[in-house]
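Below is one structure, written out as structure tokens, with a few remarks after it.
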Amino acid sequence: MSLKQTIAIASGGAGDSQALDLAASLARQHDGAVSVLPVYPDTAADMIALGITLGASLSQEAVEQLVAAENALHLRIETAARAAADAADVVFGPGEGAPRMSVLSRGLRPGLALSRHVAISDLVVFGQGHLDRGVGPELFSQCLLSDRAPVLVARHDAESLSGPAAIAWDGSPQAGRAVKAALPLLAMASDIHVIQCVTGLDREATDPDIDSLNAYLKLHGVGKGVSVLVEGHDEGAALIAAAQGRSATLLVAGAWGHSRLREAVFGGATRAFLRCKSGPNLLLTH
């Protein structure tokens, strides 16, 4: 029950420090490896393609300036990753052995690169800042919905993962996959709270029995969760409020358990979790 291969997203801007610091700390604690995936757009290639489409061409000087800007961005990511590795006492750079953090080359479009690497990874770490701009929101949705990878949204420092954890439990397959992916993190938590919004439970479609969940956690040596029942027509708001009320620094939940159309119209718990930017770290799966 450990995290041996983690992907950390880095864009050269907001969100990088959160993702890199948390990923490096997990590598140290689990004797694992972190691959930092640069996700900034390939501006030079895009501009050249646009020029070809429009029947125009970029000057050599313009291309060189774009390439220089991208190199500077990549260097910024490498510098931030090295600092995170040093702070966590993790080896930086490619090679064998663990714990280790290395930066992948930026050779593919971000979405394709992400799909290639998450196939054999245990966890993908996004910083909260990645969800607000650039290609981050699109990659976040792809990671959860298309690649079906567990995602950790880092909002606090590495020490936060040793605090109380909360599980939003409704018995759904999405929630079950989240719990299984979160086992290494739940084992680090000081306490576990199992939160249910009784207003939104669908007992015909799923089995939201907390005793069954606790039996599963016990088999994995994680410990027993304390049941917390809440009510509210806004299920997501009720769940996140209960987690914050118990000082949870990690919330484990299934993402987009209902259809995307329904959640686009009515909101949904996932949207409430993501909007609470000052809330706990999020471990989400679909």
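Residue numbers run from 1 in the order of the sequence given. The figures here come from the full heavy-atom set of this structure, side chains too, leaving out hydrogens, waters and symmetry mates.
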Quiz item: Hey, does L250 have a side-chain heavy atom less than 4.5 Å from the side chain of L152?
Solution: yes

Quiz item: Does CD1 in I120 sit with more than 12 non-hydrogen atoms of other residues, nucleotides or ligands closer than 6.0 Å?
Solution: no

Quiz prompt | Check: S141 side chain, E138 main-chain N or O, donor-acceptor pair, under 3.5 Å | solution = no

Exercise. Report yes if the side chains of L123 and P150 come closer than 4.5 Å at any heavy-atom pair, otherwise no.
Key: yes

Quiz item: Is D122 reaching over with its side chain to a backbone N or O of Q5, donor-acceptor style, under 3.5 angstrom?
Solution: yes

Quiz item: What is the distance from atom OG1 of T6 to atom NE2 of H30, rounded to the nearest 0.5 Å?
Solution: 8.0 Å

Self-check item: Residue K224 excluded, over 12 heavy atoms near NZ under 6.0 Å
Solution: no

Quiz prompt | Check: H156 main-chain N/O paired with N281 side-chain donor or acceptor under 3.5 Å | solution = yes

Quiz item: Under the salt bridge (Lys or Arg N to Asp or Glu O under 4.0 Å) criterion, do K277 and D132 qualify, and how do the steps go?
Solution: CA-CA 10 Å; K277 298 179 181 181; D132 298 328; 3.3 Å; yes

Quiz item: Can you check whether P164's main-chain N or O pairs, donor with acceptor, with T249's side chain at less than 3.5 Å?
Solution: yes

Quiz item: Should V226 and V252 be counted in the same cluster of Ile, Leu, Val, Met, Phe, Trp and Tyr side chains packed under 4.5 Å apart?
Solution: no

Self-check item: S278 to Q244 - nearest heavy-atom pair and separation
Solution: O-NE2, 4.3 Å

Exercise. Could you check if a side-chain atom of L183 sits within less than 4.5 angstrom of a side-chain atom of Y216, using non-hydrogen atoms only?
Key: yes

Exercise. Please confirm whether the backbone N or O of G13 pairs with a side-chain atom of D16, one donor and one acceptor, at under 3.5 Å?
Key: yes

Practice problem: Write down the atom of A243, the atom of L251, and the distance for their closest heavy-atom approach. | Solution: CB-CD1, 4.4 Å

Exercise. Flag the pair V124 / D147 as yes when at least one side-chain heavy-atom distance between them is below 4.5 Å, and no otherwise.
Key: no

Quiz prompt | Heavy-atom closest pair, residues A81 and F92 | solution = CB-CE1, 3.7 Å

Quiz item: Between Q18 and Q128, is there a donor-acceptor pair closer than 3.5 Å when you use the side chain of the first and the backbone of the second?
Solution: yes

Exercise. Look at the side-chain heavy atoms of Ile, Leu, Val, Met, Phe, Trp and Tyr, link any pair under 4.5 Å apart, and say whether L75 and Y40 land in one connected group.
Key: no

Practice problem: Would you confirm whether R76, through its side chain, and G12, through its main-chain N or O, come within 3.5 Å as a donor-acceptor pair? | Solution: yes

Practice problem: With rounding to the nearest 0.5 Å, note down the distance linking OG in S2 to CG in L26. | Solution: 11.0 Å

Quiz item: Which value, rounded to the nearest 0.5 Å, describes the distance between L112 atom CG and Q142 atom CD?
Solution: 8.5 Å

Practice problem: Please report the shortest heavy-atom distance between H286 and R148, naming the atom on each side. | Solution: CD2-NE, 3.3 Å

Quiz item: Is there a donor-acceptor pair closer than 3.5 Å between any side-chain N or O of S160 and the backbone N or O of D157?
Solution: yes

Quiz item: Side-chain contact, heavy-atom cut-off 4.5 Å: V230 with T199?
Solution: no

Quiz item: If you measure from CG on D207 to OG on S172, what distance do you get to the nearest 0.5 Å?
Solution: 11.5 Å

Self-check item: Check against side chain to side chain contact (heavy atoms under 4.5 Å, CB included), H74 and V103
Solution: CA-CA 9 Å; H74 197 90; V103 179; 3.9 Å; yes

Quiz item: Do the side chains of V91 and V34 join up, straight or via other hydrophobic residues, at under 4.5 Å, putting them in one cluster?
Solution: no

Quiz prompt | Closest non-hydrogen atom pair between I210 and W169, with its separation | solution = CG1-CD1, 4.3 Å

Exercise. Quick one: do L114 and C143 satisfy side chain to side chain contact (heavy atoms under 4.5 Å, CB included)? Show the steps, please.
Key: CA-CA 8 Å; L114 179 63; C143 198; 4.0 Å; yes

Quiz item: Just by distance, do the side chain of K4 and the backbone of A33 share a donor-acceptor pair under 3.5 Å?
Solution: no

Quiz item: Short question: side chain of R155, backbone of C276 - any donor-acceptor pair under 3.5 Å?
Solution: yes

Quiz prompt | Modelled atom types, side-chain donor and acceptor of Q196 and S227, under 3.5 Å | solution = no

Quiz item: If you look at every heavy atom in P208 and L201, which pair is closest and at what distance?
Solution: CB-CD2, 4.0 Å

Self-check item: Pairwise side-chain contact, L22 with L161, heavy-atom cut-off 4.5 Å (strictly under)
Solution: yes

Quiz item: Can you find a heavy atom in the side chain of L3 that is under 4.5 Å from one in the side chain of L185?
Solution: yes

Quiz item: Hey, what do you get for CG (L239) to OG1 (T270), rounding to the nearest 0.5 Å?
Solution: 10.5 Å

Quiz item: Is the closest side-chain heavy-atom distance between L283 and L186 below 4.5 Å?
Solution: no

Quiz prompt | Spacing of CD belonging to E78 relative to CG belonging to N71, to within rounding of 0.5 Å | solution = 10.0 Å

